[in-house]
There are 2 protein chains.
Amino acid sequence: MDELDSAIVRLLQEDARQSNRDIARKVGIAPSTCLERIRLLRKRGVIRGYHADIDLNALNRGVQAIVAAQIRPLTRDVVDAFERSLAQLPEVISVFTIAGSDDFLVHVTAQDIDHLHAFLLERFTSRREMVTFRTSIIYQHHSKQVLDPLPEVRH
Amino acid sequence: MDELDSAIVRLLQEDARQSNRDIARKVGIAPSTCLERIRLLRKRGVIRGYHADIDLNALNRGVQAIVAAQIRPLTRDVVDAFERSLAQLPEVISVFTIAGSDDFLVHVTAQDIDHLHAFLLERFTSRREMVTFRTSIIYQHHSKQVLDPLPEVRH
DNA sequence: TTTGAAAATATCGAAAT
DNA sequence: ATTTCGATATTTTCAAA
């Protein structure tokens, strides 16, 4: 990851659909070099993928919430099964496994408040491993789409 | 948003860098039609952008945490200023404004635990509007990259 | 890394279904 | 309204320097 790679990564975060040629021009290298660099970044796992960012309203997901969940026992089996089953639910869009009094933060979406309520009653309340969960409606969510590398640690 | 649009949106979520030609072939329409549909989806704001997904470790962001923050007073001025100042911090990658006992969930990243600690001490502890905040280290974060529309509500 | 050339793709207007 | 066609511009891709 030199300066060139960082610049390429930054541009692809800004607009993943711009042409290799444009990226090459902006960072000041030949298109073929740029192409090869992007390939390597992809292969090394630095670039994990390219994804369109879609308006949740257009996906009929007008309501969002964060569910803070506590489960027991915290064994690998139970934790893994819980995570896997969450991942299968269409309403679940992201899961944070965390340390602290809560074990998970689950970012969920639904058509409206009624669907959110029904979803939580059907998929959360009834779980055997669920100890408690608290639901917080999300008023707004702003996510940074372009992240720069943080400065290296001085030795 | 008909079936065709949904299919295009799904494909662009899976891989935003595939060619218009490939997308057209996969959904079974002419490339020119596909191009026009993608343009309209973009124009209508259904597609908000295309972004490369980058490995946080490669960005020197090996540690993640969620900070649940409570601020007062909850006036528009204070809330807006708080959100704006968070957005400027390189460590902050996403902010949820929520209802409930906490007002914000702030997703932050840092080089390591020491930097996270220093960051929180410098940028959170000292704020005048901050009533309390609790920090939870993130062990894992899984985010769905492809979201389908939720079923329409029956009338 | 770059150059250069061929193959693939994007793009647009016009005509057709 | 969508598609097909044709024509051109642009881009990707790779072999060779």
Side-chain angles (χ1 to χ4, degrees), chain A residues 1-62 145-152, chain B residues 1-55 57-60 145-155:
Chain A
M1 275 294 268
D2 58 8
E3 282 304 311
L4 245 48
D5 284 336
S6 290
I8 291 170
V9 161
R10 163 169 258 284
L11 289 168
L12 282 171
Q13 286 181 92
E14 285 170 0
D15 178 7
R17 250 180 112 67
Q18 64 187 311
S19 70
N20 173 66
R21 201 168 173 278
D22 280 350
I23 298 169
R25 186 176 42 74
K26 288 174 188 169
V27 304
I29 56 177
S32 54
T33 311
C34 190
L35 197 65
E36 184 60 14
R37 289 221 177 212
I38 292 174
R39 274 202 194 117
L40 288 174
L41 287 166
R42 191 78 218 254
K43 193 170 176 183
R44 275 160 40 206
V46 172
I47 298 174
R48 310 204 311 169
Y50 308 101
H51 308 288
D53 176 24
I54 307 299
D55 177 28
L56 288 179
N57 289 308
L59 295 173
N60 202 22
R61 296 167 181 265
Q145 303 296 356
V146 180
L147 300 177
D148 285 315
L150 291 181
E152 291 290 334
Chain B
M1 276 292 271
D2 58 9
E3 283 303 311
L4 245 47
D5 284 336
S6 290
I8 291 170
V9 161
R10 161 170 260 283
L11 288 168
L12 283 171
Q13 286 181 91
E14 286 170 359
D15 178 8
R17 256 184 105 69
Q18 63 187 311
S19 69
N20 173 64
R21 206 163 175 276
D22 280 350
I23 298 168
R25 187 175 43 74
K26 287 176 189 168
V27 306
I29 56 177
S32 53
T33 310
C34 190
L35 197 67
E36 183 61 13
R37 290 227 178 204
I38 292 175
R39 270 205 199 113
L40 287 174
L41 286 166
R42 191 78 219 254
K43 192 170 176 183
R44 277 163 35 209
V46 172
I47 298 173
R48 311 203 311 169
Y50 308 101
H51 309 288
D53 177 24
I54 307 299
D55 177 28
N57 289 307
L59 295 174
N60 202 21
Q145 303 296 358
V146 180
L147 299 178
D148 286 315
L150 292 180
E152 290 291 333
V153 183
R154 280 188 290 276
H155 293 293

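In what follows, chains carry the letters A, B, and so on, assigned in the order in which the sequence lines appear, proteins first and then strands, with residues in each chain numbered from 1. Values below: every heavy atom of this structure, side chains too, minus hydrogens, waters and symmetry copies.
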Q.
Within the structure provided, determine whether A:C34 and A:I8 are in side-chain contact (heavy-atom separation under 4.5 Å).
A. yes
Q) For A:D2, what residues pass the side-chain contact (heavy atoms from CB on, under 4.5 Å) criterion, not counting sequence neighbours? A) A:L4, A:D5, A:R37
Q | Partner set under salt bridge (charged side-chain N to carboxylate O under 4.0 Å, His left out) for B:R25, not counting sequence neighbours | A | B:D22
Q. Would you say B:Q18 and B:K26 make side-chain contact, with heavy atoms under 4.5 Å?
A. yes
Q: For A:R25, report the nucleic acid contact type (base, sugar-phosphate, nothing); a contact means any heavy atom under 4.0 Å.
A: nothing
Q. Is the closest side-chain heavy-atom distance between A:R42 and A:R48 below 4.5 Å?
A. no
Q) In this structure, which one of B:D15, B:L35, B:L12 forms a side-chain contact (heavy atoms from CB on, under 4.5 Å) with B:I23? A) B:L12
Q: Decide yes or no on side-chain contact (heavy atoms from CB on, under 4.5 Å) for A:V27 and A:R10, but give the supporting numbers first.
A: CA-CA 10 Å; A:V27 304; A:R10 163 169 258 284; over 6 Å; no
Q. Using rotation axes that map the C1' atoms of four end pairs onto the next four (five pairs an end), what angle separates the end axes of the helix from C:dT1-D:dA17 to C:dT17-D:dA1, to 10°?
A. 30°
(Q) Please enumerate all residues that pass salt bridge (charged side-chain N to carboxylate O under 4.0 Å, His left out) together with B:R39, with sequence neighbours excluded. (A) B:E36
(Q) Determine whether a donor-acceptor pair (N or O, by modelled atom type, separation under 3.5 Å) exists between the side chain of B:D53 and the backbone of A:Y50. (A) no
Q.
Need two values: the first and the last nucleotide of DNA chain D, 5' to 3', having an atom under 4.0 Å from any heavy-atom of chain A.
A. D:dT11 to D:dC14
Q: Classify every nucleotide of nucleotides 10-17 of chain C by which part a protein heavy atom approaches to under 4.0 Å, writing B for the base, S for the sugar-phosphate alone and - for neither, in 5'-to-3' order.
A: SSS-----
Q: Specify the closest pair of heavy atoms between B:M1 and B:S6, including all atoms of both residues, with the distance to one decimal.
A: CE-OG, 4.0 Å
